[in-house]
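Because only heavy atoms are used, hydrogens play no part in the values below, and waters and symmetry mates are left out as well, while side chains stay in. Counting starts at 1 for both ligands and their atoms, in listed order.
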Amino acid sequence: VTRLIDGRAIAAEIADEVKGLVARAPRPPRLAVVLPSDDEAAGWYVRSIQRTASRVGIGCQVDELFEAGASVIARRLDVLSSDPDVDGIICQTPLPSGLRLTDVGSHIAPGKDVDGANPVSLGRLASGMPSFAPATAAAVLEILQREHVRLTGARAVVVGRSIVVGKPAALLLLAQDATVTVCHSRTADLAAVCASADVLVAAVGRARMIGAEYIKPGAVVIDVGTNPDPSGGDGLVGDVAADEAGAAEALTPVPGGVGPVTTMMLMLHTARAAAG
Ligand code: NAP
């Protein structure tokens with residue numbers, strides 16, 4: 001039987017660590033969120049960031065810059081980057097059309113880049129230098145480590161190579177001495193590659209794509225996907241068909257897996273940024 005990994009319980013453990021850091025800080029750490037669109041899902045996510053921040057004693061300001069152009073967003077990020085009262089900065093996607101996160105992310109000072117949006121942060125991560133990884137990728141690693149999953153020498157397969165999830169998750173796994181394969185839409189024999197994984201990370205964005213034939217018996221499966229339910233329900237479904245994942249030793253559910261840990265990783269990064 002597959003063990004479901006409790007993301008909310010892991011987030012609660014991390015919250016205790018964050019509160020400890022906040023208690024030792026000279027003033028409450030502060031997170032600034034730039035919100036450049038009135039997208040419904042983004043608004044929902046930002047409100048959950050605000051709720052989480054208030055629970056752990058982190059101040060959170062949201063700067064709404066709906067449909068602003070690149071230069072307005074960049075200028076705001078520059079101002080926040082040099083504001084001594086701000087410790088962490090995120091620029092919430094989606095961005096207005098034509099803008100990429102790498103365009104504006106460069107305006108977030110790396111020391112405050114708690115969601116790893118500045119290409120410098122990814123470069124530092126690849127170089128083995130201290131940096132903040134994107135919160136979702138950091139959450140994947142945090143879950144594996146808190147669940148005591150052995151990564152040294154393990155075969156890890158990451159499905160997805162986005163800058164925000166797949167690529168940084170692969171770098172973090174590599175830094176833990178896993179043997180890492182990164183798959184994408186052009187990967188041949190995807191199911192067979194996945195079925196070789198001791199640790200399988202699904203970050204595809206396709207509901208229930210990862211079925212039984214993708215999962216090695218005893219594998220630990222981390223499901224990053226958050227997709228609209230294709231059968232019309234109002235909940236979110238993952239990239240993994242959970243009812244077909246019986247061979248896995250452990251699986252993160254959707255919802256209640258990677259999501260709550262991701263939000264808490266933003267808080268941990270902000271508290272660490274405040275600690276300097
Ligand atoms: P993305 O930018 O769309 O990247 C998707 C990746 O999956 C791409 O690398 C793509 O390959 C690959 N892919 C697409 N179809 C594939 C297929 N049929 N076979 C193999 N690979 C395929 O998405 P993302 O931003 O990384 O997000 C991935 C998922 O995670 C989404 O469901 C998103 O909602 C979710 N997410 C969750 C959280 C959280 O906190 N829980 C945070 C962020 C994202 P190519 O590169 O070849 O196109």
Side-chain angles (χ1 to χ4, degrees), residues 4-8 10-11 14 33 37 39-49 51-52 90-95 99-102 105 114-117 119 122 132-144 157-173 180-197 200-211 213-215 221-230 235-242 251-269:
L4 287 181
I5 295 174
D6 186 347
R8 294 192 182 96
I10 293 174
I14 303 168
V33 181
S37 95
D39 176 81
E40 196 181 329
W44 183 89
Y45 181 54
V46 167
R47 283 191 293 282
S48 93
I49 289 173
R51 277 197 304 276
T52 307
I90 66 176
C91 184
Q92 180 59 45
T93 56
L95 300 177
L99 264 186
R100 291 169 309 178
L101 191 55
T102 41
V114 292
D115 203 16
L122 194 61
F132 293 115
T136 308
V140 169
L141 250 286
E142 195 76 19
I143 290 169
L144 291 168
V157 172
V158 180
V159 192
R161 57 175 163 180
S162 73
I163 301 267
V164 282
V165 193
K167 232 176 253 182
L171 289 170
L172 289 167
L173 288 162
V180 182
T181 303
V182 184
C183 301
H184 45 78
S185 65
R186 306 296 178 87
T187 296
D189 298 327
L190 181 65
V193 177
C194 291
S196 74
L200 178 61
V201 178
V204 194
R206 286 179 187 261
R208 297 173 44 83
M209 189 189 93
I210 306 291
E213 71 277 23
Y214 291 70
I215 298 173
V221 182
I222 306 294
D223 188 355
V224 179
T226 50
N227 310 293
D229 186 342
L236 293 173
V237 300
D239 291 340
V240 177
L251 168 70
T252 59
V254 178
V258 174
V261 181
T262 296
T263 315
M264 197 54 74
M265 289 311 291
L266 284 175
M267 304 306 146
L268 183 60
H269 288 175

Exercise. Are the side chain of Asn227 and the backbone of Val237 linked by a donor-acceptor contact shorter than 3.5 Å?
Worked result: yes
Problem set entry | Closest approach of any protein heavy atom to atom 27 (O) of ligand 1, naming residue and atom | Val165 CG2, 4.2 Å
For this session: Please identify which atoms of ligand 1 are closer than 4.0 Å to at least one heavy atom of Arg206.
Result: 14 (C), 15 (N), 16 (C), 18 (N)
Exercise. To which protein heavy atom is atom 37 (C) of ligand 1 closest, and what is the distance rounded to 0.1 Å?
Worked result: Val224 O, 3.1 Å
Exercise. At what distance is the nearest protein heavy atom to atom 20 (C) of ligand 1, and which residue and atom is it?
Worked result: His184 O, 3.2 Å
For this session: Below 4.0 angstrom from a heavy atom of Ala203, which ligand 1 atoms are there? Numbered from 1 as shown, please.
Result: 5 (C), 6 (C), 7 (O), 28 (C)
For this session: With Leu200 as reference, evaluate Ile210, Ile222, Val240 under the side-chain contact (heavy atoms from CB on, under 4.5 Å) test and give the passing residue.
Result: Ile210
Problem set entry | Under 3.5 Å donor-acceptor, Asp39 side chain and Ala41 backbone | yes
Exercise. Between Arg186 and ligand 1, does any nitrogen or oxygen pair lie at a separation below 3.5 Å?
Worked result: no
Problem set entry | Numbered atoms and elements of ligand 1 in range of Gly160, under 4.0 angstrom, heavy atoms | 6 (C), 7 (O), 9 (O)
For this session: Please write down residue, atom name and distance for the protein heavy atom closest to atom 34 (O) of ligand 1.
Result: Thr226 OG1, 2.7 Å
Problem set entry | Ligand-residue contact atoms, ligand 1 with Thr262, heavy atoms, under 4.0 Å | 40 (O)
Exercise. Say you draw a straight line from CD of Gln92 to CG of Leu101; how long is it, rounded to the nearest 0.5 Å?
Worked result: 9.5 Å
Exercise. Out of Ala191, Ser185, Gly225, who gets a non-hydrogen atom closest to atom 10 (C) of ligand 1?
Worked result: Ser185
Exercise. Rounded to the nearest 0.5 Å, what separation is found between the CD1 atom of Ile5 and the CG atom of Asp223?
Worked result: 11.0 Å
Exercise. Numbering the atoms of ligand 1 from 1, which are under 4.0 Å from a heavy atom of Val164?
Worked result: 25 (O)
For this session: Check each atom of ligand 1 against the heavy atoms of Met209 and keep those under 4.0 Å away; list them by number with element.
Result: 17 (C), 18 (N), 19 (N)
Seminar exercise, completed: re atom 46 (O) of ligand 1, the protein heavy-atom contact at minimum distance is Arg161 NE, 2.7 Å
Exercise. Do you know which of Thr102, Leu171, Val164 makes side-chain contact (heavy atoms from CB on, under 4.5 Å) with Leu122?
Worked result: Leu171
Exercise. If you count the atoms of ligand 1 from 1 in the order shown, which ones are under 4.0 Å from a heavy atom of Gly205?
Worked result: 28 (C), 29 (C), 31 (C), 32 (O)
For this session: Would you name the heavy atoms of Val159 and Cys194 that are closest together and state the gap between them?
Result: CG2-SG, 3.6 Å
Seminar exercise, completed: Taking every heavy atom of Ala203 against every heavy atom of Val165, the minimum-distance pair comes out as CB-CG1, 3.6 Å
For this session: Just jot down the ligand 1 atoms closer than 4.0 angstrom to any heavy atom of Asn227, in number order.
Result: 32 (O)
Exercise. Which residue owns the protein heavy atom closest to atom 19 (N) of ligand 1, what's the atom, and how far is it?
Worked result: Leu190 CD2, 3.7 Å
Exercise. Sub-3.5 Å donor-acceptor pair from the side chain of Asp239 to the main-chain atoms of Met209, do we have one?
Worked result: no
Exercise. When you look at Val201 and Leu173, which way does the side chain to side chain contact (heavy atoms under 4.5 Å, CB included) test go after all the steps?
Worked result: CA-CA 10 Å; Val201 178; Leu173 288 162; 4.3 Å; yes
Exercise. Is Thr262 close to Tyr45 at the side-chain level, that is, under 4.5 Å between some pair of heavy atoms?
Worked result: yes
Exercise. Distance from Thr263 atom OG1 to Arg51 atom CZ, nearest 0.5 Å?
Worked result: 9.5 Å
For this session: Report the member of Gly166, Ser162, Pro228 with the shortest heavy-atom distance to atom 24 (P) of ligand 1.
Result: Ser162
Exercise. Looking only at protein heavy atoms, which one is nearest to atom 22 (C) of ligand 1, and how far off is it?
Worked result: Val204 CG1, 3.4 Å
For this session: Report the part of Thr136 in contact with ligand 1, treating N, CA, C, O as backbone and CB onward as side chain, heavy atoms under 4.0 Å; options are side chain, backbone, both, neither.
Result: side chain
